[in-house]
Peer 1: 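The structure is given below, and queries will be raised subsequently.
By convention in this document, chain letters (A, B, ...) are assigned in the order of the sequence lines, proteins followed by strands, and residues within each chain are numbered from 1. Values in this document were obtained by computation on a predicted structure and should not be read as measured data.
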2 protein chains.
Amino acid sequence: MTLSTPATAPTDERALPASRDHSRAQLRARLVQSAITQFATHGFEGASTRAIAEGAGAHQPQINYHFDNKENLWRAALEQLLSELDDLLSEPSQASDVAMETTIRVLVTFGSRRPELNQILIHEGANPGPRLAWLVDTHLRTRSQQLRSAWEHAVAAGIAADVPSDLVYHTVLGASALVYANAPEARLLFATDPTDPDQVQAHADAMVRLFLPGITQRNQQ
Amino acid sequence: MTLSTPATAPTDERALPASRDHSRAQLRARLVQSAITQFATHGFEGASTRAIAEGAGAHQPQINYHFDNKENLWRAALEQLLSELDDLLSEPSQASDVAMETTIRVLVTFGSRRPELNQILIHEGANPGPRLAWLVDTHLRTRSQQLRSAWEHAVAAGIAADVPSDLVYHTVLGASALVYANAPEARLLFATDPTDPDQVQAHADAMVRLFLPGITQRNQQ
DNA sequence: GTCTATAATTAGATAGAC
DNA sequence: GTCTATCTAATTATAGAC
């Protein structure tokens, strides 16, 4: 990073003039959002930095200026998506007997609104390499273990179906998110759009019935 | 196709000398297999024809000679994978009350042995375009409708769980195949390998219990 | 049918004027 | 910080000798 700010200028980015900071943050946010779209539909190798920049109304070298390289932009895209998921998952403390149901419903609804996260995760999960290692070590291991322990509590409470805890992560995620990650395919296969709110609600209800047969259904139509 | 065979030569490829036909078919098979691997791990745009040729012990222009272009090779790869799946699915006529169970078990076991099919399908299912349209029109629509009608029979027989038939395709496939499509991720997340035969058997059993709670479990451990 | 050479295009990243 | 121009390397596809 070679910055040409005067020696007397504040070294902390937060102290920069508000307008400058605003536009800088805005451009970075637009680049991240465009990167999310491109990485989700074409994969890391298939997405071009030129197309990402064009989608953000910027020029291609600005990606290197603001993110150094393509992989750093990819990491920023994933941390944006994961923070959006966390905003929904980290609700205030819940009674443990409904924690698993809430988790399933959040996975379905977030998957329908932000299919890009699962599209990218599924793409990277097929390919051993440094990006997958970073994903697992930095973000996925903790989450999968939280899901596993929540599942084991639900099994002990007689709520959950008989699915081995090693398989819960991929079976619940696959059953809850694949139809949205592959929404373009689903729209060609079926007459209905899976992201219609009614369809999403029916899907969430079906997933709760399927994976948590031991609880009383409250939100059913 | 510009063939320089003499005018008296047979026009049917099957009448060519056995050895020549053999090596030609062998090379094509090696290119298709290498393409399957590369498309599955890197996606269509991310896979390079040079890497595919190298994996088959061939030179890059031989792909254009034998398949004309990259997209034709991709289609050949998918038809190879789908024919392998059909070899398992089109078993002799089954009693309808076990047809759905057999289908689920085949999806799990084939997904574990040939993760490439689902990896490619999931990659393409996220991206509207001519490849997805070809996949849906030529192969996927028929299969998804067969699964839907088998599911509706199982529901009518009181065997199947309460999952809307529009969602069966993606929920069953997601729950049954994602752990294998993302086996590299699963190996980093958990201590066990999901493709171990014991794990696959446990997974198939769990999927049958989950989606077909109304049948008597015979193959359970 | 195979192989070398290469054409035509595109990729990510950098230099330097402004 | 932005923008034009460009570098190096990699891409798919083709030409032509063998």
Peer 1: Which whole-number value in Å describes the distance from B/Tyr65 OH to C/dT2 C1'?
Peer 2: 9 Å
Peer 1: Atom CG of A/Asn64 and atom C1' of D/dA5: how far apart are they, to the nearest Å?
Peer 2: 15 Å
Peer 1: Could you tell me whether B/Ile63 contacts a base, only the sugar-phosphate backbone, or nothing, with contacts defined as non-hydrogen atoms closer than 4.0 Å?
Peer 2: nothing
Peer 1: Which of the following nucleotides, D/dT6, D/dA13, D/dG1, is nearest to the side chain of B/Asn69?
Peer 2: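 The answer is D/dA13, which lies nearest to the side chain.
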Peer 1: Does any non-hydrogen side-chain atom of A/Glu45 lie less than 4.5 Å from one of A/Asn127?
Peer 2: yes
Peer 1: Can you check whether A/Gln199 reaches A/Thr195 side chain to side chain, under 4.5 Å on heavy atoms?
Peer 2: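 No - every pair of side-chain heavy atoms lies 4.5 Å or more apart.
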Peer 1: Using atom CD of A/Glu54 as one end and atom C1' of C/dT10 as the other, report the distance to the nearest whole Å.
Peer 2: 14 Å
Peer 1: Just how far, in rounded Å, is P of C/dT10 from NZ of B/Lys70?
Peer 2: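 Going from NZ in B/Lys70 over to P in C/dT10 covers 14 Å.
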Peer 1: How many whole angstroms separate atom CD of A/Gln26 from atom P of D/dG1?
Peer 2: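 It is 13 Å, rounded to the nearest whole Å.
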Peer 1: Can you identify which nucleotide, out of C/dT2, C/dC3, D/dA13, has its nearest atom closest to the B/Arg50 side chain?
Peer 2: D/dA13
Peer 1: Give a yes/no answer on whether the side chain of B/Gln62 brings an N or O atom under 4.0 Å of OP1 or OP2 in C/dG1.
Peer 2: no
Peer 1: Mind calculating the distance between CG (B/Asp68) and C1' (D/dT12) to the nearest angstrom?
Peer 2: 13 Å
Peer 1: Do any side-chain nitrogens or oxygens of A/His59 fall under 4.0 Å of OP1 or OP2 in D/dC3?
Peer 2: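 Yes, A/His59 has a side-chain N/O under 4.0 Å of OP1/OP2 on D/dC3.
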Peer 1: Rounded to whole angstrom units, what separation is found between the CD atom of A/Gln38 and the C1' atom of C/dA11?
Peer 2: 14 Å
Peer 1: When you get a sec, tell me which of D/dC3, C/dG12, D/dT2 is the closest nucleotide to the side chain of A/Ser48?
Peer 2: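 Among the listed nucleotides, the one closest to the side chain of A/Ser48 is C/dG12.
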Peer 1: Heavy atoms from C-beta onward define the side chain here; which of C/dG1, D/dC3, C/dT14 lies closest to that of B/His66?
Peer 2: C/dG1
Peer 1: Between A/Glu71 and A/Trp134, is there a side-chain heavy-atom distance shorter than 4.5 Å?
Peer 2: no
Peer 1: Rounded to whole Å, how long is the line connecting atom CD of B/Gln60 with atom P of D/dT11?
Peer 2: 9 Å
Peer 1: In the structure I gave you, are the side-chain heavy atoms of A/Leu85 and A/Arg114 within less than 4.5 Å of one another anywhere?
Peer 2: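 Heavy-atom side-chain distance check fails, nothing below 4.5 Å.
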Peer 1: Honestly, is B/Arg148 close enough over B/Tyr169, meaning NZ or CZ under 6.0 Å from the six-membered ring centre and within 45° of the axis?
Peer 2: no
Peer 1: Hey, does B/Ala47 reach any base, or is it just sugar-phosphate, or nothing, if we go heavy atoms under 4.0 Å?
Peer 2: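 Since only primed, P, OP1 and OP2 atoms lie under 4.0 Å of B/Ala47, the category is sugar-phosphate.
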Peer 1: Between C/dC3, C/dA11, D/dC3, spot the one nearest the side chain of B/Pro61, thanks.
Peer 2: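 Selected nucleotide (nearest to the side chain): C/dC3.
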